[in-house]
Structures are given as C-alpha cells and as structure tokens.
Amino acid sequence: MHVAGPLSSRWTAYLGLLSALSAAFAPAVAVKEHDFKKCHQSGFCKRNRAFADHALGSGSWESPYNIAVDSGSFNNGQYQAVIVKTINDSGETVRLPITVSFLESGTARVTVDEEKRQKGEIELRHDSKTRKERYNEAEQWAIVGGLTLDKAAKVDFQDKTQLTVKYGPASKFEAIIKLSPFSIDFKRDGASQIKFNDQGLLNVEHWRPKIEKPEPEKKEGEEDKAEETKEEEPKGEDESTWWDETFGGNTDTKPRGPESVGLDISFVGYEHVYGIPSHASSLSLKQTRGGEGNYEEPYRMYNADVFEYILDSPMTLYGSIPFMQAHRKDSSVGVFWLNAAETWVDITKGKDAKNPLSLGSKSNTNTHTHWFSESGLLDVFVLLGPTPKDLTAKYGELTGTTAMPQEFSLGYHQCRWNYVSDDDVKDVDRKMDKAKLPYDVIWLDIEYTDEKKYFTWDKHMFADPIGMGKQLDTHGRKLVTIIDPHIKNVDKYPVVAELKSKEFGVMNKEGNLFEGWCWPGSSHWIDAFSPAAREWWSSLFKYDTFKGTMENTWIWNDMNEPSVFNGPETTMPKDNLHIGNWEHRDVHNLNGMTFQNATYHALITRKPGELRRPFVLTRSFFAGSQRVGAMWTGDNQAEWGHLKASIPMVLSQGIAGFPFSGADVGGFFGNPGKELLTRWYQAGAFYPFFRAHAHIDARRREPYLAGEPYTTIIGGALRLRYSLLPSWYTAFRQAHLDGTPVVKPMFYTHPSEEAGLALDDQFFVGNTGLLVKPVTEEGKTSVDIWIPDAEVYYDYFTYDITPTTKGKSTTLEAPLEKIPLLMRGGHIFARRDVPRRSTQLMRWDDYTLVVTVPRDAKAPAAEGDLYVDDGDSFDFQHGQYIHRRFVFDGRAGSLVSVDAEGRDPAAVAEGPWMQQMRSVGVDRIVIVGVPASWAGKKTVAVESEGKTWEAKVEFTPAVKGKAAFAVVKKVGVRIGADWRIGF
C-alpha cells in the first residue's frame, strides 16, 4: 500500500468533507505518468542532457575542468587537489576541491566539492534558512565501514600532465589521473575497466548570484512578453529553472540556485550493466537514448509513491540504491554513486574497435553511463572486482550487510488492506489451520487505527487487540501493524501534540511545521534525521505506551518516500527543511531509510532487557537500508506481466545489497484469476520475503478460498517453502556475513557463461544448487530453462535426471501443480520435512539432509552447509549458533559433518538454546544419484561422539530416466555434533 486510488466507501465519505482538496485525491485506475516528471520537465536533468548533447555533438569539445598543476598532494593513500573549472571566455574560474581516496579494501573513492559553498561564501535567496554547503552527510547514513586508507598505495608515475597510483591487492589496481582535462582511468591488471570523464561530461553547477533582468519597454500594440524576457538566458545556457521550478501546480524555490553534479562513467569492454534499483525493468539495464527496444528516458532515482506502476520502464519507483555493476565473461566491476538527491542515469553502448580486450565476441562493446544529481557532492566509489562476489562483498563492507532476520520472517505472511476486526483476524487464523496451510504472520493495514491515528486502535472493530495477539501467540504466530510517518493533525491526539510542541516534524521553507495531506487528512511528518525525534519515536513503541501490542507485534513502515497526496509528484516539497537546515532536496532518497531506522531502534528499546531482532518492512529505501529490515516492490497489479516483472526486480535488489525483498503475491490491485494466483504463490515461495497482499477493493483471496485444486496446489507451495526454511535461513546467514545475494542470477553463479549474462527469469537459491524458473505466463504448462554448466540436474520432486547440454535450454514439464525446480549435482542442503503451521512449532524438529551426487559420482564434490541459531535474539553474536559443513566424498564412500568455522565445540559455552538443541538431530539423509553398486546396501556405519552404530538404508534403483537414490533412516546423530557415515 497505498495510493490515492479506488477507496473504501468509508474513506470516500470522509473525503467528501474535504471538497477543497478533492483533486488531490481523485480516484485512479492506473499510474498517471504525467504526475511524475520526465527528464525534460526536470530542470537539471534537461540541462545535463543538453550539456551531453553539446559535448558529444561537437567535434572540438574539450572539458573545461582541469586540475591545477601545483595543487596536488598524495599522502597515506589519499590524493588531494583542486579542479579548476573555466566558466567563460574571459578566463573566469571556479575552484572545486577533489579528494581521491584509495582504501584498504581495494575500493577507490572520488569526491568533488565546491570551494565557495564549502566555505559558506554564497548568498541565499528568499531569506532562506537552509545550509550554504553542499549536502555532505549522506556518508553518515549509508556508510558503516571500509573507509580505512590504503597506506601501501603509492604514486608509480607523475609528471605535469598526469599521475598513476597503484593500489589494491598486490597493487594490481591502478588509477591514472589526468590533469588537463581532468579524467581518471581505473585499471586492473593493466587493462582499463572504468573511466571517469572520458566523454567530457563532468558538470558541477557552481554558485552564481541571481541577476534580475529589467523589464523591457513595451511598444504600443506589442504583445506582452514580460514573462518570456524576465529571465533572459545567456547564450548557450538555459536559466529557466535555475532559480525556481514549477511542476503540477507546485513551485520549488531554489535558494541556492543551480547546483547539480554530473559525470560520465564508462565501463570499458562491458556490454551489460545491472543494479540501480528499483525499476520495473530487466535485470540487464537498457539503453536510454532511444532506438529499437531502448528507452527514451534516463533511469530515474527519486523515491515516490508510484501506484500501479507501469512495466518495462526506467520510471522512478519507491526506493533507490545508486549502485551499478558491469559484467562480461569472467570480469566484474562496479560504481556506487553516493548522493541522496534526485538522480538520473543515461546508458548508451558502443563498439570500440581499438579496445585491446578481446574476451569474447562482444567484449569490444563499451557501456557509457551519464549520472547527474540535483544537489550534494559528487561522491563515487569504484569497485574493480574481479568477480560478482567481490563486488557485493566490498559494497557490503561499505554500506553494511543485510540484518540477520528473525526466523519467522522467512515464513509466509498473510496480508490485505484490511482485516476489518480482531475477530476477522482470529477467524483467518483458524481457517488457515483448518485448511492445514502454514503461515507465520498476519498483517494489519491502516484501518485498525482510530481514525488513522497511529499508535491507537479502533475502539469498536479492534476492541481486544491483546486477546487477538494471544490467540496468534498460542499458534506460534506474529502480528504486523502498519505505522506510517505522517501524523494526523487533530486535537486531543497526544502524539501530534508532542510532535508540535517539541518541533520533531519536518519544517517548510519558512521554518514552520510542514503540513500536508495523506491518509488521515491534514498531517505532519516526523523528521527522522533528528536524534531527538528518533528518541521520542522510540518512546511511542513501548508496550505501556502503544497499548495492545505484545512481544509478537512487529511493524510495517509504508508511505515513507514520503508520500504526500497534495505535494509535488505526490511527495514532499524539495524546499522543506530538516534538522540542521538541510533542504529536503538534499536528503530525499534517504528519507525512507531514516524512518525505517528509527522504527528498528524503537523496537529494540520497547522493554528493558528484551534484546530481540526487530522485523520492520519498508517501502522506501536507500543504500544501507538492508541493515534494518526488509522491503517489497510496492503497489503492483494482479496481472501476469507484474508476476513476470517481479523476478528481475527481486534479483536486482539482491545484487544491490538488499536481498530481503519480495513482491505482493497475487498483485495488490485487482482480482487475480485462480491460475495467476496459484502461479504467483509458486513464485512467491522463492522470494526471500514471501507475503500475499491485496487492495481494500479486491476480493478476499486467502488461499483457503481458492477452491480445489488450487488450495491444495497453493498449500503444496507453502509447505515447500517451510520445508526448505533451514536452507533459506542459511542463505540469509551468508548474506549477513558478506553481502552474497540470497537468490542469485545466472551471471552471479556462472560468470564465465556469456549466454547467461542477461537472463533474469531463473535463479539459484543460496548455495543449495536449487535452480528455479517460476511459470509467469498464462496457460503455460512447460518452461525452457537454461543450463549453465555440464553438471547433472535432477528434478526436485521426482529425481528424474534432466536431459541437459551446457549453455543450452531444456524443456521442463510444468502443469499447474508443478514448480519447475531442479537440483544441481554436487550439493547438500537441509530441510525439515514434518509439516507444521508455523516456524515456531518447527524449531525443535529434526532435519533431513539431501545430497545430490555430481555427474562424476566418484568425485569428492558434494558439499553444503547449515546455519542454525535461536532465530530471535542477538545471542548468535556471542557464539550461540550451530554452523555445520557437510561433505560427501564419492571416492572415500563417506558423508561427514564438521564445524564450518573450525570451532572447538568444547570451547563454546552453551546457553539455554544450544542446550536444548542437543536433542535435535538428523532424522534422514536422502542421497540422489547413487551408483547401482549401492543396491545391496541394507545398513551404513555411523560414527559420532565416540560411538558407532548402524542405520538402515533403503535403496531405490534407477528406472526410466529417474536417478537411483538411497534414504538413510533414523540416522541418530546430533545436528550440532561431528559425525561420519561410511557407505
């Protein structure tokens, strides 16, 4: 949720009282593209594109940016100098301090500021209270580590025209900084990878005073041209949006004048670039300067409430992560553009016959990107790979990795706008149990509140929230309630009274509390950038303050772009002010993250001593949001195209460092047919975040209402998700440690295979070897799945050996009841096979291990791991966890379990959870693809903790394309112990 779209009759009646603002709330059936800017309607975007057109269209263009020869110095891994920008024919210049930092991680950072703004030597217009500097605090929100300078970096060459710095592991990276015109060539192993200002598009809009033009004299009979000539433009420059800008009836005053920053970044020899979510686009990003199959518009990053978003578009959505990667065969690089203002990215591709790299037929393609942000610093990190995993690890070192989630949050979430009462919630809970459908969380949208006042309950419909919470808790389930950042402006509401009195809200340009309109009507917005406001926000979540909540209540942050119904582009005016007098334009894309962050920390402090991992879902996000919760792709539609688009959208989130992502199962708007609903559940079972959601006007569609055979098929998808939860949790542990995506596209797992670089409709789950391709087209009963290697692939459900050829597609039968799911040979993964109705009820169940024998059955290549902790607290940070590594050795005829980190079990002090886990073991081991020689085996020898015993084996021979498999029953080993099974 939510939109100013089709509304409940109750809300419509309420809005009838607001006739003066009715236009802001007009019902909508689809996104109105004209409500959101195109590039030509965004002044700085239009100017930077025009600048690029002029530069690239001029045969004699030379960038006017040069490093002053005597200004540079290099010390302890950092180069500092001054770029001099020549701004006119008379030689007038602007000074732009530049810092190039070489970091221990091998990452390089380039930061450009503006001396006059930096020193406060500018004049503000409109008596503005805003800061004079360029916004320089994004780092405080987005960056958590990885900034230690590489003191081993050294200048390898220097003269009056350039210098070369060698840095990174074994000094394999180098940066060639050219002084005139300024550019940087980043190389790895002597070959160019990324170039800055190679096309000469660096553009830092410097401060200049506003010069009012005199009104021209009008002659008798001459048409009034005052408006046209009031701000006459100097030749070659468009001043029309320098000082103010109007869109959709809203005027943005610009007290600092024009201040955008732009830069061209070229990926040398790379045809594919990825990332910069969120967009409803392909994983491999498209070109944006027109042409067949390309976009006309740049990719836009300006977090906005874009309801019922259109597909195959570079249009902005709810969140932004300005991290882009480029990949070619066996090589990966990336850039992270640290800027929280409105940002656009143009992408073009071109052949370079002179490129010495010849790694494949398309390697001579360069991808040129052009980035421009409305304000702030030019601040870019360069990551030189060379593998996809290197990129996500280094990015994770900078911005943090995904929070270790509570285990319940990986289960199934049941949601709609809205469950109408506490009795309704309890009824859904009972009916899910009656239908034997597992789920973990039920959600409450805005209607649970007392007239849209957050931290309250509707006295009539939710008269007993504690009773509701207790029933859910009895079944091991949780409740999520929505809390949005807009606070209803109404009398006798203590929350808004305190926000007003303590000035904890966002201010307007005059420095008064900003008032806008959202679901409650007149509202104020908490300024979560303020430490004092965040501390106050935390106090609101305490159990004795937010009465009706319990230990099993968690939070959903929606509308936090922020969504302002009567604001420009349905969001907050850019000239609003935040704490420290920063303009909203400077921090817009950070806003959602600061709100989610405030809620995350509020949940940690609900009760003294209750140190539990919070669960907070957000709609709006930025780089670093992964540290504090999950996200979803927003208000999609119940259409096949939206189901299909959800796969690349989720994959894009994962490679951009925010893997805890999903899409509304079934589609938020509209009523899915039963086939679509069923296929969406099958796909959703493989989203990292798995939630069904629906609009208030959509028909009820809880899975038990689908009818047969659909309810049974959906139930099968739900149970598949629950059985594989140990492997999902293990994948999240890996993501938490080093930023590895939870679901991985083909280029990530098989970077040597060029044919897989653009694929975005299939993926691997963690390190399980499970390869899934959801059915996303109506009426389809088969899929063509691409096989990336020569390994053997088994059908997950039947153990059939799939006929495959490396680098080719193979057809899998996929009737409605079947999810196309393969197991790659050479892996071991864990399941829990006893059906339960929630994760809490599974926590002491034994495990099943599945071993997929590789094509060469005698190769010691089947491996896997399992990570387990209490799924709730932070005790895992103090060693309270189990992490096992499993190895199946075909030559030795053994399967072993050892501590994955080489820890001595005796050295780990066992707390209560680990002590209870001593009773949890391995119940069964399924080995798929065993040789025929195992046919006579009846038992196997098991050794563990100084004891030896025998376990029974049941062998099933190969038949009609089905692999032979063996099941070891009642294994009897502890999951946390070392053990060995001899075959």
Side-chain angles (χ1 to χ4, degrees), residues 682 709 712-713 716-717 719-720 723-724 727 768-773 775 781-806 808-831 833 848-864 886 888-895 922-941 950-971 981-983:
Q682 292 175 339
T712 294
I713 297 171
R719 284 187 288 276
L720 176 61
S723 70
L724 289 171
S727 291
T768 60
L770 293 175
L771 177 61
V772 60
K773 180 169 183 176
V775 178
T781 57
S782 66
V783 297
D784 292 332
I785 191 166
W786 182 76
I787 303 299
D789 51 40
E791 189 50 83
V792 62
Y793 284 80
Y794 308 97
D795 184 284
Y796 178 86
F797 303 99
T798 65
Y799 304 159
D800 286 351
I801 297 174
T802 304
T804 61
T805 302
K806 177 183 175 181
K808 303 292 184 181
S809 293
T810 189
T811 300
L812 303 179
E813 294 303 312
L816 185 61
E817 67 275 10
K818 182 80 178 288
I819 302 173
L821 179 60
L822 300 179
M823 301 185 292
R824 182 180 183 273
H827 295 267
I828 303 174
F829 59 91
R831 301 190 311 220
D833 287 345
T848 294
L849 298 182
V850 179
V851 180
T852 57
V853 178
R855 186 175 296 280
D856 181 357
K858 294 184 178 181
E863 297 185 8
F886 309 113
F888 174 79
D889 189 330
R891 292 176 299 186
S894 65
L895 174 64
V922 177
D923 177 55
R924 296 194 314 154
I925 299 173
V926 180
I927 308 167
V928 181
V930 297
S933 59
W934 284 37
K937 291 186 181 294
K938 302 295 182 184
T939 62
V940 292
E950 290 189 340
K952 291 184 178 179
V953 177
E954 184 178 280
F955 176 83
T956 301
V959 59
K960 293 183 179 179
K962 188 188 300 290
F965 65 95
V967 180
V968 184
K969 298 183 174 182
K970 298 187 184 303
V971 180
I981 299 176
F983 296 99

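The figures that follow rest on heavy atoms only: side chains count, while hydrogens, waters and symmetry mates do not.
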Does the side chain of [X] reach to within under 4.5 Å of the side chain of [Y], using non-hydrogen atoms?
X	Y	result
Val968	Lys952	no
Val853	Phe965	no
Tyr796	Ile819	no

Between [X] and [Y], what is the shortest heavy-atom contact and its length?
X	Y	result
Tyr794	Ala963	CE2-CB, 3.6 Å
Lys970	Ala951	O-CB, 4.1 Å
Gly982	Val940	O-CB, 3.5 Å
Lys962	Thr798	NZ-O, 2.8 Å
Leu771	Trp786	CD2-O, 4.1 Å
Thr939	Val953	C-CG2, 3.9 Å

Between [X] and [Y] (side chain of the first, backbone of the second, donor and acceptor by atom type, cut-off under 3.5 Å), is there such a pair?
X	Y	answer
Ser727	Ala830	yes
Thr810	Pro803	yes
Gln682	Pro820	no
Thr852	His827	yes
Lys773	Asp784	yes
Asp800	Thr802	no

d(Ile785 CD1, Leu812 CG) to nearest 0.5 Å is 5.5 Å
Sequence-distant partners of Lys937, side chain to side chain contact (heavy atoms under 4.5 Å, CB included), two or more places apart = Trp934, Phe983
Glu813/Lys818 salt bridge by N-O under 4.0 Å criterion =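 Here Lys818 does not pair with Glu813 in a salt bridge, since their nearest N and O are not under 4.0 Å apart.
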Just one of Arg824, Lys808, Arg855 clears the salt bridge (charged side-chain N to carboxylate O under 4.0 Å, His left out) bar with Asp789, so which one?
->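 Among the candidates, only Arg824 passes.
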